[in-house]
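Inspection log for the structure reproduced underneath, given as structure tokens.
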Amino acid sequence: MINHGNYRGIYIHIPFCIAKCGYCDFYSVPIGRSMDWQEQYLRGLVAEMEQRASFYDGQRIITIYIGGGTPSLLTSEQIDRLLNKLAATFTLSSDIEITIEANPATVNEKYLQECRQAGVNRLSLGVQSFIDRELCLLGRLHSTQDSKEAIRAARAAGFTNLNLDLIYGIPGQTTDDWTANLCQAMAAAPEHLSLYLLQLEPHTPMGRWVDEGKLFMLEEEQEYQLYQISREFLSHHGYQQYEISNFARPGKECRHNLHYWHSAEYIGLGAGAVSFINRIRQQNAQLDSYLQTSDDYQPNFWQGEILESMSERQRWIDAVVMGLRTTQGINMDDFKRRFGVDLHQEYDQVINELMAGGFIIIKDGYLRLAPSAYFISNQVLCRFMA
Amino acid sequence: MQSHIRNFSIIAHIDHGKSTLADRLLQFTGALSDREMRDQFLDKMDLEREKGITIKLQPVRLNYRAADGEEYILNLIDTPGHVDFSYEVSRSLAACEGALLVVDASQGIEAQTLANVYMAMDLNLEIVGAVNKIDLPGAEPDRVKQEIEDVIGLDQNDIIPISAKMGIGIEDILEAIVKFIPPPQGDEQGPLQALIFDSYFDSYKGAISYIRIVSGQMKKGDIIRMMSSGKEYEVMELGVLSPHMQEVESLQAGEVGYMAAGIKNVSDTKVGDTITHADRPAAQPLPGYKEVKPMVYCGLYPLENNDYERLRDALDRLKLNDASLFYEPETSDALGFGFRCGFLGLLHLEIIRERLEREYDLSLLATAPSVIYKIVLTDNIELYVSNPTHWPSSQKISQVLEPFVKASIMVPNEYVGAVMELCQDKRGIFVNMEYLSTQRVMITYKLPLAEILYDFFDALKSRTRGYASLDYELIGYETADLVKLDIMLNGEIVDALSMIVHSDRAYYRARNVTDKLRRIIPRQMYEVAIQASIGSKIIARETIKAMRKDVLAKCYGGDITRKKKLLEKQKEGKKRMKQIGRVEVPKDAFLTVLQVSDD
């Protein structure tokens, strides 16, 4: 098994979408069908990589994730160039996982084939739902038909590591609706599934509708039921839950995700991307620093705000709250080796209380959430905060 | 000398304009320049000005050249107008020869005013009457004068129409004080007798006493003796308040002023005590005051456990200036370390609590106010209980008695029905009804003090559109059918929520409290059972279902900082909860539950 602490991950943010979805809270800019920005943005990414090369310590990269926004708005040739530049700048592990996110409406078999040839070996499709009515409410541009075609194309192009993103808890969604979604997903036999509860931020369009009483979220009880249905259904179909919202065929867990949950270090490239190195989380500058018309990039043009600069204690607390998101939990011996901290000692009372309540389990040297606590995990996680 | 001194108090109901009149007297006699003047000058505490009430009396000396061409010294001793503080009224009256009765020209006499006038008459004070606010559209000075004549017996022709706000009739008042209120007649050559009518603590000078010299004289440097304790001190500073402190060399019989004698402890300058000279003591002390006994008790707990010491210090300080405040340490399973505190009434309680929070920056939690119950046990031992936690089990109780008051309510006759209905509702026993005039009625009821303490006054005001006024006095204990109602969370009694209720009301209160708790306590990781019980019998139950969802569905690289902040905030939120057993109860839940608003 990989010891993520010894490696780095790279995240590349492509902050463009054709249009913004009603629930989306990520940093992305709607650009319609215009294709003018891509070369400009790529030049920025290249310039950032060149500048970063001087302080790169050579630690091996085991995962690259191209996310967004909508990365599939880049051409396959552009992706190829991007990956070549990455390989020239950083030391990539030979068995590296390279994921690209795609909107089902933006891909075809040829494109996906070329992506694979460029080195992409994992595809994450933002299917979200197999019911058109739900897609419509979410403000997605693609249809169920697009998703099915994208899945077919992915398989035809030779992708053997496919993820589907699905959203549950959509207003009006019944348990039947959700089960139908899961069944449709099974038809694609994806290696990996991310199931996300719809959680709206107040400043998103859908969030506002809810505030204004124009849209009603499901009851807590219903959301809980949908979650339980998912867990049982997927377990029955041979998927293992490895995190609160993530399921995979054995061995097909997303390495990039695990990298985050192991509280390992990563480099974020591109506008608004976040890096985590040496106890500092720092966000890159916003888009205007990237879309420069000349190639005269100032030193550190990509650098933005420091989000957090952690003490040693905060650093290992970070590892606790991230690690507990995984179903495997935290290997307490590893933890002690890595941070010099005995969790038993540090959290004596918290652990005892939570164990007595049946919310956490200690088994085989691992500290983990009890499955019954997954959906109320904040109650547990916040107890471990500073 | 004494022939040119007049010592007087003002008796008035809240809002009848007493503090404004005091302001005008200060201005008219030139005691304060317009620059120094601010509203309610003698009300020193912010709280007093905010609530528009007087809590603490503060004497002031006015110099007045009367129409007869002579200079007079008028000592005004302001009094509080709320029933909780009638004790303080008696203190100021005892230092005077006369009282100025101020009645609102549209409201008429109020019950509390009447009680204070009777108190003044008992002390043989001369009463000068005035009707205030004659400038207002609804004023009926003639009707109110007639009422004063009917009820108190003052000649209505002697009653002075004034408007303190507009400054009308101020001179007439001053003249009447000089003319009608007798000068003090103490023996100037006799042994010293000085009455302490108030004292407070000053961090530089120690205890400062407000005194009235009844006979003899006091000089700076005198060796004095407190007649109750025999303790002796040297007078360091003497002075008058005009209204600012102004040092003098001596105070003569008849005068009012302040004294500092390097006394470290305010309890050594007991209000009501007599000061005399060590070398030439008076034979007898002056008649003192009755010790005030608290009527209402509640527990005060700091929200932050480590504020306990600060709370104790703050109570110590307040106690220095407030002899009627009582407190002793107590412990609650639910709330930790705190104090059991006794108060004169609910307003007193509220004021102390607000002062603790405001002046000492404490966050406090108060348990339900309680009166002192008398319990006769089966073995005939008598117990006094003011904390429901100490209530004996029902098998051991042979009889429960609760304090009753005689409540006098004055009200325009159209509200008689509403008032009687309210009194019946509050377990009142009708005593008497008397027409003071064709429109005004005085209704007398016997009522349990506990009922008066809660929302009685507010209910009375709202049912009579503010026209009713209330006075009450304790008349002793009577048997009552009372039970202790316990509240349990997941089977554990929350001692701070226990209350004593009449058995007829037990079910209603039980439902009311459990329902409130159900709404206040957030869903928890566990199901929470809220039960109300009398003894071992459960009489109400509510359930809070276990929380189902509290999850961050997504947590990836770019988002981790923000998500951790959410968790940190959530952890902070838990600090505002009180852990009772396994149940997290918001700290303000106690307050909300104890508010008896919708009874």
Side-chain angles (χ1 to χ4, degrees), chain A residues 9 11 13 25-27 65 67 167-169 194-199 219-225 227 243-245 256-257 259-261 263 266 268 272-276 281 283 307-308 314 317-318 321-322 325 353-354 356-357 359 373-386, chain B residues 304-306 333-334 336 489-492 518-530 542-587 589:
Chain A
Y11 175 82
H13 194 55
D25 180 40
F26 286 125
Y27 178 49
Y65 194 99
I167 294 177
Y168 66 97
S194 294
L195 309 181
Y196 296 122
L197 173 67
L198 181 64
Q199 291 186 308
E219 296 284 325
E220 183 172 318
E221 192 66 41
Q222 293 171 293
E223 294 175 332
Y224 172 76
Q225 269 183 22
Y227 185 64
E243 192 253 5
I244 290 170
S245 303
H256 195 81
N257 290 355
H259 196 73
Y260 291 136
W261 299 321
S263 193
Y266 49 89
V274 174
S275 302
F276 179 36
R281 280 211 174 81
Q283 184 164 32
L307 299 178
E308 54 179 332
Q314 286 166 327
I317 287 173
D318 189 273
V321 294
M322 296 308 288
R325 291 189 66 90
E353 278 178 38
L354 291 170
F359 301 109
Y374 291 167
F375 216 55
I376 50 169
S377 49
N378 288 355
Q379 290 284 322
V380 176
L381 296 181
C382 75
R383 300 289 301 275
F384 288 90
M385 291 305 291
Chain B
E304 301 297 335
N305 285 338
N306 43 13
D333 293 339
L489 292 179
N490 280 352
E492 277 185 56
R518 179 182 58 79
R519 279 180 277 151
I520 293 163
I521 298 175
R523 282 183 158 197
Q524 321 257 319
M525 293 163 87
Y526 320 82
E527 182 174 287
V528 176
I530 306 165
E542 294 279 352
T543 306
I544 300 172
K545 283 195 189 158
M547 170 192 297
R548 282 307 200 180
K549 179 193 73 167
D550 186 10
V551 65
L552 297 167
K554 284 188 176 186
C555 189
Y556 298 105
D559 227 15
I560 293 172
T561 303
R562 195 169 62 89
K563 297 287 162 74
K564 279 201 306 185
K565 276 186 186 148
L566 291 176
L567 291 173
E568 262 162 30
K569 231 169 135 186
Q570 193 164 354
K571 170 146 184 169
E572 280 304 304
K574 285 195 184 292
K575 286 188 188 157
R576 287 190 294 276
M577 300 284 198
K578 198 96 201 176
Q579 189 88 23
I580 295 179
R582 290 196 312 184
V583 185
E584 286 171 351
V585 181
K587 285 174 173 169

Exercise. Do the rings of A:Y196 and B:Y556 sit parallel, tilted or perpendicular, given the 30° and 60° boundaries?
Worked result: perpendicular
What part of [X] lies closer than 4.5 angstrom to a heavy atom of chain B: side chain, backbone, both or neither?
{"X": "A:Q379", "result": "both"}
{"X": "A:F26", "result": "side chain"}
{"X": "A:F375", "result": "both"}
{"X": "A:I244", "result": "side chain"}

Exercise. Excluding sequence neighbours, so at least two apart, what forms ring-ring contact (aromatic ring centres under 6.0 Å, His included) with A:H13?
Worked result: A:Y11
Exercise. Can you name the salt bridge (charged side-chain N to carboxylate O under 4.0 Å, His left out) partners of A:D318, sequence neighbours left out?
Worked result: A:R281, B:K564
If I compare all heavy atoms of [X] with all of [Y], which pair ends up nearest, and what's the gap?
{"X": "B:K571", "Y": "A:C382", "result": "CD-O, 3.3 Å"}
{"X": "B:A553", "Y": "A:R325", "result": "O-NH2, 3.4 Å"}
{"X": "B:K565", "Y": "A:L307", "result": "NZ-O, 4.5 Å"}
{"X": "A:Y374", "Y": "B:V551", "result": "O-CG2, 3.6 Å"}

Problem set entry | Residue that, paired with A:E220, satisfies side chain to side chain donor-acceptor pair (under 3.5 Å) out of B:K549, B:R523, B:R548 | B:R523
